[in-house]
Student: 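The following block contains the structure, expressed as structure tokens.
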Amino acid sequence: IGDGGGIWLLTFQNGTSIESNIVRDNFAGDHGGGVYVAGSLFGNPIDLDISNNAIFRNIAAAIPLTGDSGGGIWVETTKASIIRTTIVANEGRGPENSWGGGIAIARAGRPYVAYNIIAFSSKGGGIKCWLGTEPRIENNILWSNSGGETSGDCSSVLNLDGNIAVDPFLCSWETGNLKLAENSPALTHPSGTIGSTVEIGCPAVSIAVPSTWSSIKVRFLQGGNQ
């Protein structure tokens, strides 16, 4: 009931790879509902790779109320590369709705967070950074994360360096189908494909165009002239 509901790693060595996994429906009583990774608080930040994973519907409860929880991924004192991973519908609990539902990054180190889909966190926001971490965050799609897309020390990264807020058009994320619709922006991002899979799993998702009073009048007049 502590840290790391799906994967728990405390290491002082460089070179670990957490790659090509499906991590879903796990629960951690504190940090890292899906994945928990930490280096030594008294050593140099460690290098490791977290890539090409699907991390879905994990919960971090943050029982000690320490400030962040990381429903999907929690990393501390690392230079982790978190890349090409799809992080969806995770929950980072806490007294505030900004504790890192998708990813929480803490303390020393400069993790590289890129080419990820981070979406639909039910609590905790998309990415939270705090306690002096200095991550490099670029080319991510963040969407509809309860509590905001970014918070803490990385609250300003949205709309910079290729980080965009746009619906990724997943086929059926509610049921765990995280494949991309044919018209997903994750397939056409200027930097390349985003997320853990580039497989098209369903036809294009229809896009509702909001009506304005002017467009309604035009449609009314066009109908009256027919």
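These numbers were taken from a predicted model, which means no experiment stands behind them.
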Student: Can you tell me if Asn90 uses its side chain to pair, donor with acceptor, with the backbone of Ile55 under 3.5 Å?
Tutor: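 Judged by distance alone, yes, a pair lies under 3.5 Å.
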
Student: Looking at Asn21, is its backbone amide N or carbonyl O close enough to the side chain of Asn53 to form a donor-acceptor pair, meaning the two atoms are under 3.5 Å apart?
Tutor: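 Present.
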
Student: Would you list the pairs meeting disulfide bond (SG atoms under 2.5 Å apart) in which at least one residue belongs to residues 64-109, sequence neighbours left out?
Tutor: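 Matches after skipping sequence neighbours: none remain.
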
Student: What about Val37 and Ile118, same hydrophobic cluster or not, with Ile/Leu/Val/Met/Phe/Trp/Tyr joined at side-chain heavy-atom distances under 4.5 Å?
Tutor: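 Hydrophobic grouping puts Val37 with Ile118.
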
Student: Flag yes if more than 12 heavy atoms outside Ile22 fall under 6.0 Å of its CD1 atom; otherwise flag no.
Tutor: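 12 or below, so no.
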
Student: Is it true that Ile59 and Phe56 fall in one hydrophobic cluster, defined by side-chain heavy atoms closer than 4.5 Å?
Tutor: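 No, because Ile59 and Phe56 fall into different hydrophobic clusters, even though each may have its own neighbours under 4.5 Å.
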
Student: Is there a path of hydrophobic side-chain contacts, each under 4.5 Å between heavy atoms, that joins Ile7 and Ile50?
Tutor: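 In one cluster: yes.
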
Student: Please enumerate all residues that pass salt bridge (charged side-chain N to carboxylate O under 4.0 Å, His left out) together with Arg24, with sequence neighbours excluded.
Tutor: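 Salt bridge (charged side-chain N to carboxylate O under 4.0 Å, His left out) check on Arg24 returns nothing, list empty.
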
Student: Could you list the cluster mates of Trp130? Members are the ILVMFWY residues connected by side-chain heavy atoms closer than 4.5 Å, either directly or through other members.
Tutor: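 Taking Ile, Leu, Val, Met, Phe, Trp and Tyr as members, Trp130 shares its hydrophobic cluster with Leu131.
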
Student: Is it the case that more than 12 heavy atoms not belonging to Gln13 sit under 6.0 Å from its CD atom?
Tutor: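 No, CD of Gln13 has 12 or fewer neighbouring heavy atoms, counting only those of other groups under 6.0 Å.
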
Student: If you round to the nearest 0.5 Å, how far is CG of Asn139 from CG of Asp161?
Tutor: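 Interatomic distance, Asp161 CG to Asn139 CG, rounded to 0.5 Å: 7.5 Å.
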
Student: Asn14 and Leu48: side chain to side chain contact (heavy atoms under 4.5 Å, CB included), yes or no, with the steps?
Tutor: CA-CA 6 Å; Asn14 296 320; Leu48 71 146; over 6 Å; no

Student: Does Ile137 offer a backbone N or O that forms a donor-acceptor pair with the side chain of Asn163 under 3.5 Å?
Tutor: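 Pair found, side chain donor or acceptor close to backbone of Ile137.
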
Student: So, taking the atom named OG1 in Thr16 and the one named CG in Leu9, what distance separates them when rounded to the nearest 0.5 Å?
Tutor: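 Here the rounded value is 5.0 Å.
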
Student: Between Leu158 and Ile141, is there shared hydrophobic-cluster membership here, with clusters defined by ILVMFWY side-chain heavy atoms closer than 4.5 Å?
Tutor: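 No, no single cluster joins them.
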
Student: Give me each pair satisfying ring-ring contact (aromatic ring centres under 6.0 Å, His included) with a member in residues 145-166, each pair once, sequence neighbours excluded.
Tutor: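 Output for this query is empty, none listed.
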
Student: Is Asp25 atom CG crowded by more than 12 heavy atoms from other residues, nucleotides or ligands, each under 6.0 Å away?
Tutor: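 Above 12, so yes.
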
Student: Before giving the answer on side chain to side chain contact (heavy atoms under 4.5 Å, CB included), spell out for Asp30 and Ile63 the whole-Å C-alpha distance, their side-chain angles and the decisive distance to 0.1 Å.
Tutor: CA-CA 5 Å; Asp30 194 0; Ile63 290 173; 5.6 Å; no

Student: May I have all residue pairs that pass disulfide bond (SG atoms under 2.5 Å apart) and include part of residues 6-49, sequence neighbours excluded?
Tutor: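 Found none.
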
Student: Do side-chain atoms of Asn58 reach the backbone of Val23 as a donor and acceptor pair under 3.5 angstrom?
Tutor: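 Pair found, side chain donor or acceptor close to backbone of Val23.
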
Student: Rounded to the nearest 0.5 Å, what separates atom CD1 in Ile87 from atom CG in Asn145?
Tutor: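 Between atom CD1 of Ile87 and atom CG of Asn145 there are 9.5 Å.
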
Student: For Ser98, does its backbone N or O pair with a side-chain atom of Ser151 as donor and acceptor, under 3.5 Å?
Tutor: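 Yes.
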
Student: Keeping to residues at least two apart or across chains, list the disulfide bond (SG atoms under 2.5 Å apart) pairs with something in residues 5-88.
Tutor: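 Residue pairs passing disulfide bond (SG atoms under 2.5 Å apart), neighbours aside: none found.
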
Student: Rounded to the nearest 0.5 Å, how far apart are OG of Ser40 and CG of Leu10?
Tutor: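 The OG atom of Ser40 sits 8.0 Å away from the CG atom of Leu10.
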
Student: Quick one: does Ser81's side chain have a donor or acceptor within less than 3.5 Å of a partner on Ile83's backbone?
Tutor: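 Between the backbone of Ile83 and the side chain of Ser81 there is no qualifying donor-acceptor contact (under 3.5 Å).
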
Student: Enumerate, atom names and distances included, each donor-acceptor pair closer than 3.5 Å involving a side-chain atom of residues 195-205, sequence neighbours excluded.
Tutor:
unit_1 : atom_1 : unit_2 : atom_2 : d
Ser196 : OG     : Thr86  : OG1    : 3.1
Thr197 : OG1    : Glu199 : N      : 3.0
Glu199 : OE2    : Lys179 : NZ     : 3.3

Student: Kindly determine whether Val75 and Val35 satisfy side chain to side chain contact (heavy atoms under 4.5 Å, CB included), including the steps that lead there.
Tutor: CA-CA 8 Å; Val75 293; Val35 178; over 6 Å; no

Student: Going by ring-ring contact (aromatic ring centres under 6.0 Å, His included), name the pairs with one or both residues in residues 146-167, residues two or more places apart or in two chains.
Tutor: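 Sorted pair list comes back empty.
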
Student: Can you tell me how far apart OG (Ser51) and CD (Glu19) are? Round to the nearest 0.5 Å.
Tutor: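 Here the interatomic distance stands at 4.0 Å.
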
Student: Using modelled atom types only, decide if a donor and an acceptor are shared between the side chain of Lys128 and the backbone of Gly67 within a distance under 3.5 Å.
Tutor: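 Here the side-chain-to-backbone pair exists.
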
Student: Which atom names give the shortest non-hydrogen contact between Ala60 and Gly32, and what distance separates them?
Tutor: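 Heavy atoms only, the tightest pair is CB-N, 3.9 Å.
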
Student: With sequence neighbours excluded, tell me which residues meet ring-ring contact (aromatic ring centres under 6.0 Å, His included) with Trp173.
Tutor: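 So Trp173 forms a ring-ring contact (aromatic ring centres under 6.0 Å, His included) with Phe120.
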
Student: Going by atom type alone, with no hydrogens or angles, which donor-acceptor pairs under 3.5 Å involve a side-chain atom of residues 101-117 and a protein atom two or more places apart or on another chain?
Tutor:
unit_1 : atom_1 : unit_2 : atom_2 : d
Arg107 : NE     : Glu76  : OE2    : 2.6
Arg110 : NE     : Glu134 : O      : 3.3
Tyr112 : OH     : Glu138 : OE2    : 2.8
Asn116 : OD1    : Arg84  : N      : 3.2
Asn116 : OD1    : Thr85  : N      : 2.9
Asn116 : ND2    : Ile82  : O      : 2.9
Asn116 : ND2    : Ala114 : O      : 3.0
Asn116 : ND2    : Asn140 : OD1    : 3.0

Student: What residues, two or more places apart in sequence or in another chain, satisfy ring-ring contact (aromatic ring centres under 6.0 Å, His included) together with Trp74?
Tutor: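 Result, ring-ring contact (aromatic ring centres under 6.0 Å, His included) vs Trp74: His31, Tyr36.
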
Student: Look only at the side chain of Asp153 and the backbone of Thr133, and say whether a donor-acceptor pair between them is shorter than 3.5 Å.
Tutor: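 Not confirmed, Asp153 side chain does not pair with Thr133 backbone.
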
Student: Gly124 and Asn97: which non-hydrogen atoms are nearest, and at how many Å?
Tutor: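 Scanning both residues, the minimum pair turns out to be N-OD1, 2.7 Å.
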
Student: List, one per line, each side-chain donor-acceptor pair under 3.5 Å for residues 186-194, sequence neighbours excluded.
Tutor:
unit_1 : atom_1 : unit_2 : atom_2 : d
His189 : ND1    : Ser191 : N      : 3.0
His189 : ND1    : Ser191 : OG     : 2.8
His189 : NE2    : Gly162 : O      : 2.9

Student: Hydrophobic cluster membership, with links at side-chain heavy-atom distances under 4.5 Å among I/L/V/M/F/W/Y: are Ile164 and Leu170 in one?
Tutor: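 Linked within one cluster.
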
